[in-house]
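Since this is a predicted model, take the numbers as computed values, not measurements. Each residue takes its place number in the sequence, starting with 1. Values below: all heavy atoms of this structure, side chains included; hydrogens, waters and symmetry mates excluded.
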Amino acid sequence: MAGGAWLQLQVALLLLEVQSLLKRLNKPPLATIQSPDGDIIDCVHISKQPAFDHPLLKNHTIQMRPSIQPSGMYGEAARPFTQTWNQNGEKCPDNTIPIRRTKEEDVMRATSVATFGKKTHGSHHPRLAGVTDGHHYGVASATGDANYYGTKATINLWQPTIATSGDFSLAQLWISAGSYQNKDLNTIEAGWQVYPALYRDEKTRLFIYWTRDAYDQTGCYNLACSGFIQTNTQVVIGGSISPVSIYGGPQYEYDYLVWKDLAGGNWWLQVQGKYVGYWPSSIFTHLQTGVADTVEWGGEVNSPRSTTPMGSGHFPKEGFGKATYSKAIQVVDSSNNLKSPNGVSLIAPLPNCYSVMTGFSSTTSWGTYIYYGGSGCP
């Protein structure tokens, strides 16, 4: 086969693969909303969402709300969770959930169709934090307990500038069990991120992630694969969040709570007091019948040149209004109570580029808190 014809065949096969993925991800909507930020939001019947393509969820009965919520939460913020797509009052019809439509160009930006919506760069977890793989951390890890049934944090919202299109910058919480070495690491992750290669722009977006095999074959961002079951009709996972904090000006923050509902074993996500949905226990191994052995909070940057800023781009010592924080940090114990962690250890392998510090306030709603971030390395 001549070179030109072979190339045309490869392009045709690639496009077929892309269209197959798009058909799988973009379920037929009952309504569609054009977001001011350029996103297309499809209102998909709750029973037709991508989660139910998972072989373990074919006969799954949707749990519309958790059986019980952890007690003892503090530091709850009063303002609503605001996203760009419904800032003018748009809403999806009853019994549907809003899903950000995946476009052909979104998939084409990925390194391959198979890796779309998945983590593909080196190590992806603070417990393997190094200084050579391009992933950089300013993170705190809970200490003093063997098991964790969930965690909660109020995370400060920023919009860092990305140095290179393949870079990302985020703030999140991690819930983990298993190990990288045995390739059985289970994680549940939630927070905000700026990631042009995934979303085409530098807007700050709500994100989630999961894996049960150390980021090898399973799991994905948001709803880019089957797994997470969304129940909320007003939150777009992967949708942009606005407004964001301003250096020396107004600060914005949102509560994130993830916990294991002991009645059914599912791991629920709540954002700013609203149930978003859950990771069914059946998609995990360690987190299916067991609980987490590690929880972390903080910032991560993927930047091989270490030039993309973390958080606000300013270091923890600058404090409130200037550095990024996560406050009112709590863990869920075996009695379904939220409490301050017994202790925290700090992870910042490149402290001159990205760092983290911790503190505790018994007189305010901040409780256990961390400041983290940095401008990167010159």
Q: Return yes if a side-chain donor-acceptor contact under 3.5 Å exists between Y199 and S240, otherwise no.
A: no
Q: For W366 and Y371, take the angle between the two ring planes, folded into 0 to 90°, and tell me which bin it lands in: parallel under 30, tilted 30 to 60, perpendicular over 60.
A: tilted
Q: Please check this pair: side chain of T187 against backbone of S176, looking for a donor-acceptor N/O pair closer than 3.5 Å.
A: no
Q: Looking at every heavy atom in both C225 and L25, which two are closest together, and how far apart are they?
A: N-CD2, 4.3 Å
Q: Does Y369 have its ring centroid less than 6.0 Å away from the ring centroid of Y325?
A: no
Q: Side chain to side chain contact (heavy atoms under 4.5 Å, CB included) for Y254 and L206? Distances and angles first, verdict last.
A: CA-CA 10 Å; Y254 293 110; L206 170 68; over 6 Å; no
Q: Taking the side chain from N186 and the backbone from H286, do they hold a donor-acceptor pair closer than 3.5 Å?
A: yes
Q: Would you confirm whether Q270, through its side chain, and Q69, through its main-chain N or O, come within 3.5 Å as a donor-acceptor pair?
A: no
Q: Under 4.0 Å between a side-chain nitrogen and a carboxylate oxygen: does that hold for R100 and D37?
A: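 No, this pair does not count.
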Q: Is the shortest side-chain N to carboxylate O distance from R200 to D39 below 4.0 Å?
A: yes
Q: Would you confirm whether the ring centroid of H135 sits within less than 6.0 angstrom of the ring centroid of Y215?
A: no
Q: Quick check: do I241 and Y252 have side-chain heavy atoms less than 4.5 Å from each other?
A: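 In short, these two side chains do not touch, never coming nearer than 4.5 Å.
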Q: Are the side chain of N182 and the backbone N or O of D184 linked by a donor-acceptor pair below 3.5 Å?
A: no
Q: Kindly give the heavy-atom pair with the smallest separation between I68 and D261, and that separation in Å.
A: N-OD1, 4.1 Å
Q: Can you check whether G239's main-chain N or O pairs, donor with acceptor, with Q83's side chain at less than 3.5 Å?
A: yes
Q: Using side-chain heavy atoms (C-beta onward) and a distance below 4.5 Å, is Q251 in contact with F320?
A: yes
Q: With heavy-atom distances below 4.5 Å as the criterion, would you say the side chains of K274 and Q234 are in contact?
A: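 No, every pair of side-chain atoms sits at 4.5 Å or beyond.
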Q: Is a donor on one side and an acceptor on the other found under 3.5 Å between the side chain of R101 and the backbone of N26?
A: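 Not confirmed, R101 side chain does not pair with N26 backbone.
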Q: Under a 4.5 Å cut-off applied to non-hydrogen side-chain atoms, are W267 and V258 in contact?
A: yes
Q: Taking all atoms of both residues into account, what is the closest heavy-atom pair of Y354 and T308, and its distance?
A: OH-O, 2.7 Å
Q: Are any side-chain N or O atoms of T233 and backbone N or O atoms of T96, one a donor and one an acceptor, separated by less than 3.5 Å?
A: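 It does not hold such a pair.
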Q: Quick one: are S179 and L185 in side-chain contact, heavy atoms under 4.5 Å?
A: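 No, every pair of side-chain atoms sits at 4.5 Å or beyond.
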Q: What is the minimum heavy-atom distance between Q230 and I237, and which atoms define it?
A: OE1-CD1, 3.4 Å
Q: I'd like to know if the side chain of K260 and the backbone of Q288 have a donor-acceptor N/O pair within less than 3.5 Å.
A: yes
Q: Got Q172 and F207 here, is their nearest side-chain heavy-atom distance under 4.5 Å?
A: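 With C-beta onward as the side chain, the pair touches.
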Q: Mark yes or no for whether S245, through its side chain, and L157, through its backbone, hold a donor-acceptor pair below 3.5 Å.
A: yes
Q: Do Y275 and W268 have their ring centres less than 6.0 Å from each other?
A: yes
Q: Do you know which two heavy atoms are closest between S365 and A328, and how far apart they sit?
A: O-CB, 3.5 Å
Q: Tell me, do Y209 and Y221 make a side-chain contact under 4.5 Å, heavy atoms counted?
A: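 Touching, per the 4.5 Å side-chain cut-off.
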Q: Whether the side chain of N86 engages the backbone of G89 through a donor-acceptor N/O pair (distance < 3.5 Å, no angle test) should be reported.
A: no
Q: Indicate yes or no: at least one non-hydrogen side-chain atom of M310 is less than 4.5 angstrom from one of T324.
A: no
Q: Would you name the heavy atoms of S281 and N266 that are closest together and state the gap between them?
A: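 Between these two residues, the closest heavy atoms are N-OD1, 3.1 Å.
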